[in-house]
Amino acid sequence: MTVQRETRVIEIPDEAAMRRLAEDVAIIVRPGDVFALSGELGAGKSTFARALIRAVANDDALEVPSPTFTLAQLYDARVPIAHFDLYRLADPGELVELGFDEAIEASAVLIEWPERAGDALPADAIRWRIADANGPNARIVAIDAPAHFMARLARSLEIRAFLSRVGRESARRRYLLGDASTRAYERLSMGEGWATILMNAPAMPDGPPIRDGKPYSRIAHLAEDVVPFVAIGRWLRHEGFAAPEILEADLAKGILIVEDLGADGILSPEGMPVRDRYAAAVGVLVDLHRRSVPDLLAVKSGVDYRLPRYDRDAMMIEAELLVDWYVPYRLGRAVSEGDRADYIALWGGAIERLASAEKNIVLRDYHSPNIIWRAERQGNDRIGIIDFQDAMLGPSAYDVASLLQDARVTVPRQMRQELLADYVEARRDDDNFEPDSFHTAYSIMAAQRASKILGIFVRLKQRDGKPGYLRHLPRIEAYLAEALAHDALTDLRAWYQRSGLVEA
């Protein structure tokens with residue numbers, strides 16, 4: 001198969017700029033990337049390689065010796081890296097003994113003097129040639145690479161250009177995390193610690209229409225750019241909640257620099273829920289659900305964002321992820337048309353019961369990965385909220401279920417029951433709060449959310465090549481069975497039992 005390739009030339013004025021370029025590449029490097037680094041002695045190949053390795057390892061003091069004599073050096077970093085120097089290679093056949101093929105499969109590979117690899121160099125190698133330019137440390141970097149890598153590089157360089165525009169050209173960048181969406185996050189430093197976060201959230205493509213001429217993201221009201229994050233974050237901060245302050249923004253390109261709220265979460269070092277922290281997170285929801293959220297939220301002067309409704313179409317298309325993805329994975333067969341029609345009808349009835357449920361802002365992903373614990377703060381300021389761009393106006397019970405039936409960690413049953421009771425007791429005297437109605441909405445939303453997540457986690461494995469989420473399925477299955485036990489879901493529970501998804 002022919003590899004579509006593109007070329008780009010970058011001018012590097014000095015050694016500091018070369019190290020920045022290496023950091024820009026370190027952010028996007030993946031296993032399977034093979035960098036063929038060409039250039040004369042002293043051109044800067046080792047400078048580039050050393051800076052890239054240290055950035056990927058997030059260790060500025062990491063010893064990175066030249067592999068001139070060992071020929072190969074391996075690094076166990078965020079992305080495993082194999083660094084080859086083939087200057088002393090007598091014959092390409094020796095690469096077999098060096099584990100060259102295995103390294104290409106499992107690691108990012110840096111190769112100095114790649115021309116000595118002969119035909120062993122893969123066709124999709126990233127050819128990176130460094131040559132002298134005007135000035136003692138100036139260089140020209142000519143890149144010839146597959147189009148998929150060049151797209152990643154172009155985005156990373158676009159972010160560097162943004163940093164330059166906002167006076168942060170020399171900012172150091174370190175990969176922080178990616179999530180199940182197209183968003184990714186970096187830590188930034190201007191020399192005094194890693195004090196800010198960069199959100200890399202390019203506008204998400206709509207995808208193909210799947211119903212009524214609309215893509216899934218439009219039906220489910222998923223954020224397709226950073227505008228909702230800015231608008232909702234501003235409102236949360238105005239109301240006294242700890243959402244990140246937005247320091248710099250390019251709304252069109254989907255790049256934000258935001259306050260770093262901290263690194264501690266609401267789990268223990270062993271990954272277990274800490275009751276006091278979960279209780280504080282419940283307290284934030286109590287206060288949040290007493291607020292009145294406006295339909296229009298300010299983004300900036302003259303620009304507003306309309307908070308979408310968590311309507312029937314959004315709830316239903318999420319619930320259908322279970323029959324689209326999870327059921328075929330779990331049972332090894334597709335759902336019949338009749339069973340699918342029954343499932344949709346039963347969920348339609350359950351959703352109708354939410355018409356009288358209390359409505360407020362639904363943050364949508366309010367659970368342990370997205371909650372920061374700030375022990376030195378007081379009140380609501382102890383709980384940092386970092387993921388809310390998909391927020392909607394819907395049943396208040398949703399976020400309570402999201403927190404207590406945490407998809408990524410098992411919250412002990414007794415703790416869930418106690419915290420749920422604490423929430424209800426705190427809200428008991430609030431206007432328009434009715435405990436029985438809330439418990440019904442809680443069970444419906446918990447079952448809907450569990451059904452959605454089971455489908456999403458299987459889809460992440462089968463469509464997106466991310467199998468790690470499957471380890472959470474047993475936990476979510478248990479949550480689902482618990483939610484379906486409510487009397488309001490008797491008929492729906494029977495469908496799950498008849499389908500073999502829940503024990504009778």
Side-chain angles (χ1 to χ4, degrees), residues 180 206-222 309-357 364 392 394-395 397-398 401-402 405 407 439-464 466-467 469-470 472-504:
D206 282 342
I210 62 171
R211 185 168 301 166
D212 299 328
K214 299 178 182 178
Y216 177 88
S217 59
R218 192 70 52 81
I219 300 168
H221 305 310
L222 299 179
R309 264 52 177 177
Y310 203 178
D311 53 26
R312 183 188 185 281
D313 288 346
M315 292 185 190
M316 185 62 73
I317 202 162
E318 290 179 339
E320 287 179 49
L321 291 171
L322 180 125
V323 291
D324 290 340
W325 293 93
Y326 174 74
V327 172
Y329 171 81
R330 168 80 181 275
L331 303 181
R333 58 175 173 79
V335 177
S336 70
E337 291 186 9
D339 282 347
R340 184 186 184 90
D342 289 345
Y343 178 83
I344 291 173
L346 289 167
W347 263 115
I351 291 169
E352 287 178 6
R353 299 192 65 147
L354 296 170
S356 59
R364 206 171 192 172
M392 300 172 290
Y398 183 95
S402 176
Q405 296 197 357
H439 279 293
T440 297
Y442 176 89
S443 295
I444 294 171
M445 289 281 74
Q448 188 267 357
R449 183 173 181 274
S451 299
K452 169 182 70 175
I453 294 174
L454 287 171
I456 288 174
F457 283 2
V458 171
R459 185 178 68 184
L460 283 167
K461 188 265 184 185
Q462 295 190 337
R463 189 192 69 182
D464 303 332
K466 299 178 179 180
Y469 292 90
L470 295 184
H472 301 301
L473 295 189
R475 174 186 307 112
I476 302 164
E477 291 163 351
Y479 287 152
L480 175 61
E482 180 180 310
L484 289 170
H486 193 280
D487 289 344
L489 296 171
T490 299
D491 293 340
L492 196 55
R493 180 171 69 249
W495 185 96
Y496 283 82
Q497 291 172 339
R498 187 170 65 251
S499 300
L501 305 179
V502 173
E503 291 185 5

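FYI, side chains are in, hydrogens and waters are out, and symmetry mates aren't considered; it's all heavy atoms of this structure.
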Got a donor-acceptor contact below 3.5 angstrom from the R459 side chain to the D464 backbone? no
Looking only at heavy atoms, what is the nearest atom pair of M316 and G348, with distance? CE-N, 3.4 Å
Decide yes or no on side chain to side chain contact (heavy atoms under 4.5 Å, CB included) for I219 and I210, but give the supporting numbers first. CA-CA 9 Å; I219 300 168; I210 62 171; 4.1 Å; yes
Are L222 and R364 close enough, and set up right, to give a side chain to side chain contact (heavy atoms under 4.5 Å, CB included), and what steps lead you there? CA-CA 10 Å; L222 299 179; R364 206 171 192 172; 3.8 Å; yes
Test: R463 cationic atom under 6.0 Å from Y216 six-membered ring centre, within 45° of axis: no
Under 4.5 Å between any side-chain heavy atoms of V335 and E320, yes or no? no
So how far is it from L354 CG to Y398 OH, rounded to the nearest 0.5 Å? 12.5 Å
Testing the basics here: between A350 and I444, what is the closest heavy-atom pair and its distance to 0.1 Å? O-CD1, 3.6 Å
Test of understanding: with side-chain hydrogen bond (donor to acceptor under 3.5 Å, both in side chains), list the residues that count as partners of K461, not counting sequence neighbours. none
Going by side chain to side chain contact (heavy atoms under 4.5 Å, CB included), I453 matches just one of L322, I476, L480. Which one? I476
Quick note, salt bridge (Lys or Arg N to Asp or Glu O under 4.0 Å) partners involving residues 323-335, not counting sequence neighbours, are D324-R340, R330-E477
Please identify each residue that fulfils ring pair (Phe, Tyr, Trp, His ring centres under 6.0 Å) with Y326, with sequence neighbours left out. none
If you look at every heavy atom in W325 and G455, which pair is closest and at what distance? CB-O, 3.5 Å
For the residue pair Q405 and A446, what are the closest heavy atoms and their distance? OE1-CB, 3.6 Å
Roughly how far, to the nearest 0.5 Å, is CD of E318 from CG of D313? 11.0 Å
Tell me the closest heavy-atom pair linking A357 and A441, and the distance in Å. CB-CB, 4.0 Å
R312: salt bridge (charged side-chain N to carboxylate O under 4.0 Å, His left out) partners, not counting sequence neighbours: none
Looking at residues at least two apart in the chain, or sitting in another chain, which of them share a ring pair (Phe, Tyr, Trp, His ring centres under 6.0 Å) with H486? none
Steps toward side chain to side chain contact (heavy atoms under 4.5 Å, CB included) verdict (I344, V323): CA-CA 10 Å; I344 291 173; V323 291; over 6 Å; no
Does R449 qualify as a cation-pi partner of Y479, given the criterion of NZ or CZ under 6.0 Å from the six-membered ring centre and within 45 degrees of its axis? no
L501 side chain reached by L331 side chain, heavy atoms, under 4.5 Å: yes
If every non-hydrogen atom of A220 is compared with every non-hydrogen atom of A314, which pair is closest and at what distance? CA-CB, 4.0 Å
Between H221 (side chain only) and Y310 (backbone N and O only), is there a donor and an acceptor less than 3.5 Å apart? no
Parallel, tilted or perpendicular: which one describes the rings of W495 and Y343, with boundaries at 30° and 60°? tilted
For Q448 and M315, indicate whether the former's side chain and the latter's backbone hold a donor-acceptor pair under 3.5 Å. yes
Pairs involving residues 486-504, ordered by first then second residue, that meet salt bridge (Lys or Arg N to Asp or Glu O under 4.0 Å) (sequence neighbours left out): none
